Amino acid sequence: MKVNSIVLAVAALPLILACSDDSEPDAYGNFEAVEVVVSAQTTGQVERFVPEEGMYLEELAHVAVIDTAQLVLERNQLAAQRAATGAREREVREQLQVLDVQREVALRVLERTRRLHDRKAATTQQLDQAEREYRVLVAQMDAVRAQKASVRMDVTSGDARVRQLEDRLERSRVTNPVAGTVLATYTRQGEMVQAGQPLYKVASLDTLELRVYVTGVQLEELRLGQQVAVNITGADAGLREYPGTVSWIASSAEFTPTPVQTRDERADLVYAVKIRVPNESGALKIGMPADVSWTNVTSSGESP
């Protein structure tokens, strides 16, 4: 009986080891969030700044205003110049209409003088005078048309400059690009900022990404959209499981990052993988370690 027990124990050892191997996580990693750094698009003093660390901001919410006084004054000046140019354009148009009427009258006089000259009822000097007056009016109309085109270009240029200033004014009002939680702020109300200077960092924490590294052998077991099980250590010293979805797989290998552990630590090259994990409860935090398993997970994300 003792010999039989030993034989059975030895025979069951591979099964026990296999079960032990299967229970081990397939990869380890840390949670990340898609962070967005919002920067100033104009230079000036921060007149209003709403974001605070930990604050939740809605998408497209107005969160900051950079000094717009000089821009407003410049826009008003350009608007006045634009109005003056528009008035000059109307004057040129009216002048062109007057010259056109005078040209029509001069043309009729020229034609009548030609007929009289042909019948010897008008002198050559009178014909030359009528023709000269007509040509002078035609030349004046050509000059006014050129002036009208120039004024039209000034109007177009003024409109473009006004729109440019309005765009700069709009950019002075900082709008939050994505709904999420403020992770860090880099300025305060009253400070001077430059165009391109970071103001704050925001990220949506409703869904986090777990970045793990796998070996080439494990890579064959993964595919985009695959459901996996993500585990973290809970407050009661037990494991809490979250459903995860493979959202990104690196197309090239890299050397194993120093703080990262993999299932086969002897492998020199690994592939980065991102797993999206819902975080509706807010229990998951950026930087929190977790492990992931996919060996015994079905397509629905539940263990068989």
Side-chain angles (χ1 to χ4, degrees), residues 30-92 147-209 211 247-248 272 274 276 279-280 282 284-288:
N30 296 85
F31 284 107
E32 302 175 346
V34 180
E35 302 174 351
V36 178
V37 177
V38 182
S39 301
Q41 299 187 52
T42 59
T43 300
Q45 185 179 28
V46 180
E47 295 182 342
R48 177 172 174 264
F49 191 74
V50 175
E52 296 180 1
E53 294 183 359
M55 175 185 291
Y56 181 83
L57 297 176
E58 296 288 347
E59 184 179 0
L60 301 181
H62 291 284
V63 295
V65 176
I66 300 174
D67 183 21
T68 59
Q70 293 299 323
L71 292 177
V72 171
L73 292 175
E74 189 175 352
R75 183 191 62 179
N76 293 341
Q77 181 182 5
L78 285 177
Q81 293 177 355
R82 167 65 179 81
T85 305
R88 187 154 55 94
E89 182 184 21
R90 289 191 296 273
E91 292 177 359
V92 171
Q147 185 180 1
K148 179 182 178 182
S150 177
V151 173
R152 181 69 255 174
M153 293 178 62
D154 290 342
V155 170
T156 303
S157 176
D159 290 340
R161 293 176 63 188
V162 170
R163 287 195 298 269
Q164 184 180 25
L165 274 177
E166 289 177 346
D167 179 70
R168 290 175 61 187
L169 281 170
E170 184 64 26
R171 293 176 184 271
S172 297
R173 299 176 179 86
V174 182
T175 302
N176 186 54
V178 294
T181 303
V182 178
L183 303 181
T185 58
Y186 307 114
T187 190
R188 293 290 184 271
Q189 185 171 322
E191 294 182 350
M192 289 292 298
V193 295
Q194 302 293 325
Q197 179 177 334
L199 300 178
Y200 66 97
K201 179 166 59 177
V202 64
S204 175
L205 304 182
D206 294 337
T207 300
L208 295 185
E209 290 183 343
R211 179 188 289 267
S247 60
W248 177 79
K274 290 183 181 180
R276 296 180 62 85
N279 186 32
E280 297 178 357
L284 305 179
K285 304 296 188 296
I286 298 175
M288 180 182 291

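Below, each value reflects all heavy atoms present in this structure, side chains not excepted, and no hydrogens, waters or symmetry copies. Note that the coordinates shown come from a computational prediction; the quantities given were computed from them, not determined experimentally.
Ion pairing between a basic and an acidic side chain is recognised when a charged N comes within 4.0 Å of a carboxylate O; R171 and D167 show such pairing.
Looking at Y186 and K201, their side chains come closer than 4.5 Å, going by heavy atoms from C-beta outward. For the pair L199 and P51, the minimum side-chain heavy-atom distance is 4.5 Å or more. Between L208 and M288 there is no side-chain heavy-atom pair separated by less than 4.5 Å. E166 is listed as a side-chain neighbour of V162, based on a closest heavy-atom distance under 4.5 Å. Side-chain atoms of V155 and R82, non-hydrogen and from C-beta on, do get closer than 4.5 Å to each other. Taking 4.5 Å as the limit, some side-chain heavy atom of T185 sits within range of a side-chain heavy atom of F49. Considering only heavy atoms from C-beta on, V151 stays 4.5 Å or farther from E91 through its side chain. For the pair V34/T207, no side-chain contact is recorded, criterion being any heavy-atom separation below 4.5 Å from C-beta on.
Taking each heavy atom of L205 and N279 in turn, the nearest pair found is O-ND2, 3.0 Å. Considering all non-hydrogen atoms of both residues, P198 and S39 come closest at CA-OG, 3.6 Å. Heavy atoms only, all atoms of each residue included: I66 and A40 are closest at CD1-CB, 3.7 Å. Considering every non-hydrogen atom in both A203 and A33, the closest pair reads CB-CB, 4.0 Å. Looking at every heavy atom in both residues, E52 comes nearest to V182 through O-CB, 3.2 Å. Across all non-hydrogen atoms, the minimal contact from P177 to V38 is CD-CG2, 3.6 Å.
With rounding to the nearest 0.5 angstrom, the CZ atom of R173 is 10.5 Å from the OG1 atom of T42. Between the CG atom in D159 and the CG atom in D154 there is a gap of 11.0 Å [rounded to 0.5 Å]. Going from atom CZ of R152 over to atom OG1 of T85 covers 10.0 Å, rounded to the nearest 0.5 Å. The OG1 atom of T68 sits 11.5 Å away from atom CG of L165, with the distance rounded to the nearest 0.5 Å. To the nearest 0.5 Å, the span separating CD on E209 from CD1 on I286 amounts to 11.0 Å. With rounding to the nearest 0.5 angstrom, the CD atom of E35 is 11.5 Å from the OG atom of S204.
No donor-acceptor pair closer than 3.5 Å links the side chain of S157 to the backbone N or O of M153. Side chain of T43 to main chain of A195: a donor-acceptor pair is present (N/O by atom type, distance under 3.5 Å, no hydrogens or angles). Between the R168 side chain and the Q164 main chain, no donor and acceptor come within less than 3.5 Å of each other. Using a distance-only test at 3.5 Å, with no hydrogens or angles considered, a donor-acceptor pair links the side chain of S247 to the main chain of K274. No donor-acceptor pair under 3.5 Å is formed between the side chain of Q45 and the backbone N or O of M192. Looking only at distances, no side-chain donor or acceptor of N176 sits under 3.5 Å from a matching main-chain atom of A61.
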Worked verdict on E59 versus V178 for side-chain contact (heavy atoms from CB on, under 4.5 Å):
CA-CA 5 Å; E59 184 179 0; V178 294; 5.5 Å; no
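Counting non-hydrogen atoms of neighbouring residues, nucleotides and ligands closer than 6.0 angstrom, the CE atom of M55 exceeds 12 such neighbours.
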